[in-house]
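Below you'll find the structure, written out as structure tokens, and then a few comments.
Keep in mind it's a predicted model, so treat the numbers as computed, not measured. Lettering of chains follows the sequences in order, A, B, ..., and the numbering in each one begins at 1.
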Amino acid sequence: MNYWLMKSEPDEFSIDDLKACPNQTEAWHGIRNYQARNFMRDEMQIGDQVFFYHSSCKVPGIVGIAEVVTNAYPDSTAFDPESKYFDPKSDPTKPRWLRVDIRFVEKFNDIIPLSLIKNLPQLADMYLVSKGSRLSIQPVTAEQWQAVLMLTR
DNA sequence: GCCAACGTTGGC
DNA sequence: GCCAACGTTGGC
């Protein structure tokens, strides 16, 4: 099993939104970055655990946990001219973009703020706080996963 | 294949 | 809103 961190702008889609979805499950659409896509395609597995991260907001940070419940499959929003994620270069017979479904697992009582993560030596090597990190889907090590969980309990 | 121009991300 | 850092595009 692998661990991940996935970013979302809470104004667009928050962990509360995920919890409110049918079956508390939602398709993680709109990823338009090859590295993030390749993680989904090549390394993500059903059952993988995900830190849900709120970005571009007042207090950015990790707000809870979700779980991967499907393998990667074509992101149909790329074929929809009405969608903000429409990509005319993604051919439906050869889809360029993929998504997975994730299910709500847990919302932390308190957010783990980015400012705290930056200041903890045991989390200093998280991809999240590495220079110029912008990936919206990032791998997390088992050690980092445990270190973050320790902060919530 | 290089690289300048442009677009996006995301913290602050 | 600013801007650093990175990704993508497209001419050559």
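In this structure, CG of A:N38 is placed 14 Å from C1' of C:dG7, rounded to the nearest angstrom. Put simply, CZ on A:R134 is 6 Å from P on C:dG7, counting in whole angstrom units. Rounded to whole Å, the distance from CZ on A:R96 to C1' on C:dG7 is 13 Å. Per the geometry, CH2 belonging to A:W97 stands 13 Å off P belonging to C:dG7, to the nearest Å. Atom pair A:E9:CD and B:dT8:P shows a separation of 13 Å (rounding to whole Å applied). The NE2-P distance, from A:H54 to B:dC12, rounds to 17 Å in whole Å. With rounding to whole Å, A:N33 atom CG is found 19 Å from C:dA5 atom P. With rounding to whole Å, A:K131 atom NZ is found 9 Å from C:dA4 atom C1'.
Ring geometry for A:F52 against A:F13 counts as tilted: the plane angle lies between 30° and 60°, on a 0 to 90° scale. Relative orientation of the A:F108 and A:F51 rings is perpendicular, given thresholds of 30° and 60° on the angle between their planes.
For CE of A:M150, the number of neighbouring non-hydrogen atoms (other residues, nucleotides, ligands) closer than 6.0 Å is 12 at most.
Using a distance-only test at 3.5 Å, with no hydrogens or angles considered, no donor-acceptor pair links the side chain of A:S56 to the main chain of A:E9. In terms of modelled atom types and a separation under 3.5 Å, the side chain of A:N119 and the main chain of A:S115 share a donor-acceptor contact. Of the possible polar contacts, none joining the A:S8 side chain to the A:P10 backbone as a donor-acceptor pair under 3.5 Å is found.
Nearest nucleotide to the side chain of A:L114, out of C:dA5, B:dG11, C:dG7: B:dG11. Distance from the side chain of A:Y34 is smallest for C:dT8 among the nucleotides B:dG11, C:dC6, C:dT8.
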Taking it one step at a time, do A:W4 and A:Y53 satisfy ring-ring contact (aromatic ring centres under 6.0 Å, His included)?
CA-CA 10 Å; A:W4 305 94; A:Y53 180 90; over 10 Å; no

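Put simply, A:K7 has a side-chain N or O that comes within less than 4.0 Å of OP1 or OP2 on B:dG10. Note on A:K118: a side-chain N or O is less than 4.0 Å away from OP1 or OP2 of B:dC12.
Listed by residue number, there are no residues of residues 72-95 of chain A with a heavy-atom contact under 4.0 Å to DNA chain B.
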